[in-house]
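Data first, discussion second: the structure below is written as structure tokens.
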Protein chains: 2
Amino acid sequence: MFSKACEYALKIMIYLCTVQEEGKLAGLKDISNANGSPEAYTAKILQQLVKNGLLQSHRGPTGGFKVSDRPITLLEVVVAIDGESIVKDCVLGLRECSSARPCPVHDKFVAIRDHLKGVLNTTYLTDIKSGVIEGNRFLKL
Amino acid sequence: MFSKACEYALKIMIYLCTVQEEGKLAGLKDISNANGSPEAYTAKILQQLVKNGLLQSHRGPTGGFKVSDRPITLLEVVVAIDGESIVKDCVLGLRECSSARPCPVHDKFVAIRDHLKGVLNTTYLTDIKSGVIEGNRFLKL
DNA sequence: CTAATTAAGGATATAAAGGTCCGAAAATCT
DNA sequence: AGATTTTCGGACCTTTATATCCTTAATTAG
Ligand code: FES
Ligand code: FES
């Protein structure tokens, strides 16, 4: 469904939300530990999230990462890493997904995709962080 | 969503259904032409579909491929090529997707996956071939 | 100012997916 | 039987995704 990088990105964002209190920063080591992702690769993804404006970073001692100070949806995270293909492209790989020139499964999958898009677009990081804080939702294993 | 190989497989199966009349066989060239997939790669996928019992093949002149003589769902095709990961694995990459140890987005995505699984499992190739035959659904471009 | 710490970023390595090539095996036709 | 056609199957190549390494730049603390 999502690329590995995107899975990591979602976990990173969720994790950072759960530790976010009055501007506290979390470092790379913390983050990769918390969601069980390889440290060096996690660093790359963090960079991409910063570039896309979803995170803010600060260097030097006491440095680290924090979530940008505005509501962020799952869709924004997914698009930042994987692009819009998951919610735009034809599932059978036609050059364009359109009702004007649909593939044989277009109608069925448009419904599924709208469902997916709806969830991604209306679920905010703040909506799902509570389960992790309470300890009944998990980021690794 | 699906691998390229799986996209091809679905188009192959749909195409073969549309040309299936009293045991006629379609050859590799026909098939790769019809859905715009590279010939050599298409051959590999055809082999896999034969191994999985979704197609029957015959060698030599007048040889080719035909769809096995029973109702086949989209799910069977997808599983034959991509395995069950799309309908089983945790979207955040946890080792196991379970309500006993759920990730933060488990509930939301179980709903989406059930929707997807439902469509795949109840849509038969024969249900969607008509649009292609009538020429208002397309397999390539 | 210097040393220490942390993110940034480029280069490189490894694995997997996507794709090609070619000879062997089976079936058909003459 | 021999030539031809078509699938089968293994080896190989290419591209992309995943992952690591190492140097540089920024920031802080002493
Ligand atoms: S054209 Fe294939 S999903 Fe829309
Ligand atoms: S545990 Fe992540 S989707 Fe079920």
Side-chain angles (χ1 to χ4, degrees), chain A residues 1-12 16 19 23-68 78 80-83 85-86 89 92-93, chain B residues 1-12 16 19 23-68 78 80-83 85-86 89 92-93:
Chain A
M1 174 122 244
F2 304 127
S3 70
K4 211 83 190 122
C6 190
E7 293 178 5
Y8 292 150
L10 287 164
K11 297 207 271 188
I12 288 168
L16 281 174
V19 294
K24 266 183 198 165
L25 301 180
L28 169 60
K29 233 159 274 180
D30 282 347
I31 296 169
S32 67
N33 259 340
N35 59 32
S37 53
E39 198 173 309
Y41 196 49
T42 303
K44 292 300 181 197
I45 297 161
L46 284 164
Q47 277 183 52
Q48 238 177 307
L49 292 171
V50 171
K51 267 190 197 163
N52 281 273
L54 301 181
L55 292 183
Q56 285 170 338
S57 64
H58 202 251
R59 295 201 247 197
T62 77
F65 302 85
K66 68 183 277 278
V67 179
S68 290
V78 169
I81 304 297
D82 280 355
S85 60
I86 191 79
D89 289 359
L92 294 192
Chain B
M1 175 120 246
F2 304 127
S3 70
K4 212 83 189 123
C6 189
E7 292 178 5
Y8 292 150
L10 287 165
K11 297 208 269 187
I12 289 168
L16 282 173
V19 295
K24 266 183 197 164
L25 301 181
L28 169 60
K29 233 159 276 181
D30 282 346
I31 295 170
S32 66
N33 260 339
N35 59 32
S37 53
E39 198 173 309
Y41 196 47
T42 304
K44 292 299 182 199
I45 297 161
L46 284 164
Q47 277 182 51
Q48 237 177 309
L49 293 171
V50 170
K51 267 190 197 163
N52 281 271
L54 301 181
L55 292 182
Q56 284 169 338
S57 64
H58 201 251
R59 294 201 246 199
T62 78
F65 301 86
K66 67 183 279 276
V67 179
S68 290
V78 170
I81 305 297
D82 281 356
S85 59
I86 191 77
D89 289 359
L92 295 192

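Quick caveat, the model's predicted, so the values are computed rather than measured. Residue numbering restarts at 1 for every chain, and letters A, B, ... go by the order of the sequence lines.
- Here the P atom of nucleotide D:dA19 and the CD1 atom of A:Ile45 are 8 Å apart, to the nearest Å.
- Counting non-hydrogen atoms under 4.0 angstrom, B:Leu28 reaches the backbone sugars and phosphates but no base.
- Rounding to whole angstrom units, CD of residue A:Gln56 and C1' of D:dA26 are separated by 16 Å.
- The separation between A:Lys51 atom NZ and C:dA7 atom P is 16 Å, rounded to whole Å.
- Atom CG of A:Asp30 and atom C1' of C:dT6 are 12 Å apart (whole Å).
- As a whole-Å value, the separation of A:Glu39 CD from D:dC21 C1' is 12 Å.
- Between atom CD1 of residue B:Ile81 and atom CG of residue B:Asn52 there is a gap of 6.5 Å, rounded to the nearest 0.5 Å.
- For the OP1/OP2 pair of C:dA8 and a distance below 4.0 Å, the side-chain nitrogens and oxygens of A:Gln47 include no atom meeting the criterion.
- To the nearest 0.5 Å, atom CG of residue A:Asn35 and atom CD of residue A:Glu7 are 11.0 Å apart.
- Each of A:Pro38 and B:Gly64 was assigned the nucleotide of DNA chain D with the nearest heavy atom; the assignment lying further toward the 5' end belongs to B:Gly64.
- Note: A:Lys4 NZ to B:Leu92 CG = 9.5 Å, rounded to the nearest 0.5 Å.
- Comparing D:dA19, C:dG9, D:dT18 against the side chain of A:Ala5 picks out D:dT18 as the nearest.
- When the C1' atom of D:dA19 is taken as reference, atom CD of A:Glu7 falls 15 Å away, rounded to whole Å.
- The line from CD1 of B:Ile45 to OG of B:Ser32 is 10.5 Å long, rounded to the nearest 0.5 Å.
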Do any N or O atoms of the protein come closer than 3.5 Å to N or O atoms of nucleotides 13-17 of chain D, and which pairs are they?
none

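- Atom CG in B:Leu46 sits roughly 16 Å away from atom P in C:dG18 (whole-Å rounding).
- A distance of 8.0 Å separates CD1 of A:Ile31 from OG1 of A:Thr42, quoted to the nearest 0.5 Å.
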Anything under 3.5 Å between a donor and an acceptor, one on a side chain of residues 56-68 of chain B, the other on a protein residue two or more places apart or in another chain? List them.
{"from": "B:Gln56", "atom 1": "OE1", "to": "B:Lys66", "atom 2": "NZ", "distance (Å)": "3.4"}
{"from": "B:Ser68", "atom 1": "OG", "to": "B:Gly53", "atom 2": "O", "distance (Å)": "2.8"}
{"from": "B:Ser68", "atom 1": "OG", "to": "B:Leu54", "atom 2": "O", "distance (Å)": "3.3"}

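- The distance from atom OG of A:Ser37 to atom CG of A:Leu46, rounded to the nearest 0.5 Å, is 8.0 Å.
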Please list, for nucleotides 22-29 of chain C, all pairs of protein and nucleotide N/O atoms separated by less than 3.5 Å.
{"from": "C:dA25", "atom 1": "N3", "to": "B:Arg59", "atom 2": "NH1", "distance (Å)": "3.4"}
{"from": "C:dA26", "atom 1": "O4'", "to": "B:Arg59", "atom 2": "NE", "distance (Å)": "3.4"}

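- Distance, A:Gln48 CD to C:dA7 C1': 15 Å, rounded to whole Å.
- In the interface, the side chain of A:Lys44 is paired with the base of C:dG10 through a donor and an acceptor atom under 3.5 Å apart.
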